[in-house]
Amino acid sequence: MASAFDYAPAPESRAIVDIAPSYGLFIDGEFTEAADGKVFKTVSPASEEVLSEIARAGEADVDRAVKAARKAFGKWSALPGAERAKYLFRIARIVQERSRELAVLETLDNGKPIKETRDADLPLVAAHFFYYAGWADKLDHAGFGANPRPLGVAGQVIPWNFPLLMLAWKIAPALATGNTVVLKPAETTPLSALFFADICRQAGLPKGVVNILPGYGDTGAALVGHPDVNKVAFTGSTAVGKEIAKTVAGTRKKLTLELGGKGANIVFDDAPIDQAVEGIVNGIFFNQGQVCCAGSRLLVQESIQDELLDSLKRRLATLRLGDPLDKNTDIGAINSEEQLTRITALVERGESEGAERWSPACELPSAGYWFAPTLFTNVTQAHTIARDEIFGPVLSVLTFRTPDEAVAKANNTQYGLSAGIWTEKGSRILAVANKLRAGVVWSNTFNKFDPTSPFGGYKESGFGREGGRHGLEAYLDVR
Amino acid sequence: MSTAAPHALADATASDSTLRRFLHGLPGVDPVGLEARAASLGTRSIKTTAKAYAIDLAISMVDLTTLEGADTPGKVRSLGAKAVLPDPTDRTTPATAAVCVYPDMVPAAKAAVAGSTVKVASVATAFPAGRAPLAVKLADVREAVTAGADEIDMVIDRGAFLAGNYLKVHDEIIAVKEACGTAARLKVIFETGELSTYDNIRRASWLGMLAGADFIKTSTGKVAVNATPANTLLMLEAVRDFRAQTGVQVGVKPAGGIRTTKDAIKFLVLVNETVGEDWLDNHWFRFGASSLLNDLLMQRQKLATGRYSGPDYVTVD
């Protein structure tokens, strides 16, 4: 933004986090090498600097971790709920105490702005542990019958977009209900999960209750396929989700999948325009659009299209892209080169199919993986960019004329994770929300998360719910 | 009837009902979203060169104010001297924008700032309640303008506004604007704390601008809730949209309750990221504040010397 009031750089100090040159796997309360000695590197997406070398778990390691978790399960599940709660509360408090360190770490490893890790991710991580700690001794009253039992060993595979938050979504309810855990973080963002392993030790969590196995897809496949895993929980792409569903089908494993999305953000002509613009920005540019519930399809009522787009473009011009550690940065780096390539390809496809591409004047840093905030107008339902999940800072704008048309277009997708409604008319919010086939429907806001509200999808966005009371069900034997 | 509305919006003020329809047809305000946006801009980290720039800018935007029953010519004279030279120990400190006084103090204020860039603003129209007949209010304004006031800060009739009597409020502003003539710029105070809803604040903003206000201002500083980041953000959005529709630029003045440098900088960030640099000078943005200036001066001294001096290193008034 051209202004006399240029903000001086305000970088958060890296000194608060001490990243070791290498990390092992966390099995049975100890850090160990991979059995076959394999390692991989994790880099900072904003600078391509190598942050650390990480042990890469193979099949033998998965087996070792599952055995450790199985061994720990007996004692852990036999603990009174109030005892398990103590550990969870302790973890929550340590997360709070170390939140600045973890926020800097997450920003370095993931590329997202410190503003988001500091103000969104870390407070939510702590809140999830606090929330499920509260449930641990009240499971008899959760509405799943008297004395619901844990399932056993949970194999959990999480994505790179919210590394620590997705870990919290998975581990907190699993531990609260008495399960033990083997978790595989994504290969591009393993660091915060390994720091979490250290937090488990700091909290005195019994050995084997939580095991962390960094690795690639093969590690995840070995974990999901391991015969002694009772429950599989996966968050990630729809393609991988389908593979997992095939693997698990016919076994006695319980499965929840939280997959891709193509959320519709519907703006009616009586919407609070200025706040709707903020909601659209937050819906698609939060975490560079690398959010499964992102509002990546803007459905705007035709009568206010011009006015809204003018406001939106003006607002986009004020977004500050750059060093994720700078406290004033709004848009950070794309998580990996691979992801950047995918976004670039889909955006080129959008252009070639005839949609109109627009970005604000925006200088991209020379090192690292960056993509300017992008808006597509003249998009139709038939365009690839209106159908496929892009998972990047790219918004497709479509129009509608009537509420029925808005609902029809919003639901016309293979996904169904989130949707937003913007209108000052309360009756319309209720009427439209009831017709939308999406797991979360926000009204006059977007991308608001809370541990008390369940989250999950329809159709190819997966099944099962995380968060809230509903989130307990996925980790309990409720037959 | 007369209208001050720019051509594009002249129809809006044709009658009571068209004005009502226009004001109620403005986009609504979602309070949660508005406050969240104001809060998020409040987390911008402004330091070093940006902070030095912001402090000087804020000083130059201050309307140094004394509005007490006990005001004397001596007090106003000393206020004027401070407005012209806020920090005698550092002559690079910019002068404030204006001194703001009651109408009877305008001559004293005028004399105190003579020869400087500092303007004299006067709160006329039966400030702060505004509960006087129009003739009295207009006489109040004319007295102040005749005595040399460069700016008039008027209060609207909140009773009429809340009763839905928009045209009455509109016509009163027009009458006051006429009384200001070309000599004085008109700041219209809504007393946002009494209007209570954000929708009302947006309507009042448009009403003021349609009636020809040069500035729209949040508060008198005499009620419980005065300027807030959220209501100022809302008014900035209103002046931005008004200029987009009519080409006419209107200034904004948050007043009351802004006491610290940190707060003032948050307001400047709001201006910067909502309406941009077109509003980033004291012709278009002001702070109505009396205690803010000293904190700005102390922070300025701290930036210059590296040490925090304390309240005895700036003048009391």
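Per chain, numbering begins at 1; letters A, B, ... match sequence-line order.
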Residue Val269(B) versus chain A: region with a heavy atom under 4.5 Å: both
At a 4.5 Å cut-off on heavy atoms, which part of Leu268(B) comes close to chain A: side chain, backbone, both, or neither? both
Go through the atoms of Arg44(B) and report whether side chain, backbone, both or neither lie under 4.5 Å from a heavy atom of chain A. both
For Tyr7(A) and Ala50(B) the tightest heavy-atom approach is CA-CB, 3.8 Å
Between Pro27(B), Ser40(B), Ala244(B), the one whose heavy-atom pairs under 4.5 Å with chain A are most numerous: Pro27(B)
Does any backbone or side-chain atom of Asn444(A) lie under 4.5 Å from a heavy atom of chain B? Answer side chain, backbone, both or neither. both
The test is side-chain contact (heavy atoms from CB on, under 4.5 Å); show your working for Asp274(A) and Arg240(B) and say whether it passes. CA-CA 11 Å; Asp274(A) 292 307; Arg240(B) 177 197 70 198; 2.7 Å; yes
Which heavy atom in Thr48(B) sits nearest to a heavy atom in Ala8(A), and how many Å separate them? OG1-CB, 3.1 Å
Is there a donor-acceptor pair closer than 3.5 Å between any side-chain N or O of Gln275(A) and the backbone N or O of Asp30(B)? yes
Heavy-atom pair count under 4.5 Å with chain A, highest-scoring of Thr43(B), Ile46(B), Thr49(B): Ile46(B)
Which bit of Asp278(B) comes within less than 4.5 Å of chain A, counting heavy atoms only: side chain, backbone, both or neither? neither
Contact class of Ala276(A) relative to chain B, heavy atoms under 4.5 angstrom: neither
Above 12 or not: heavy atoms from other molecules or residues under 6.0 Å from NZ of Lys327(A)? yes
From CG (Asp310(A)) to CG (Asp241(B)), nearest 0.5 Å: 10.5 Å
For the residue pair Ser45(B) and Ala10(A), what are the closest heavy atoms and their distance? OG-CB, 3.4 Å
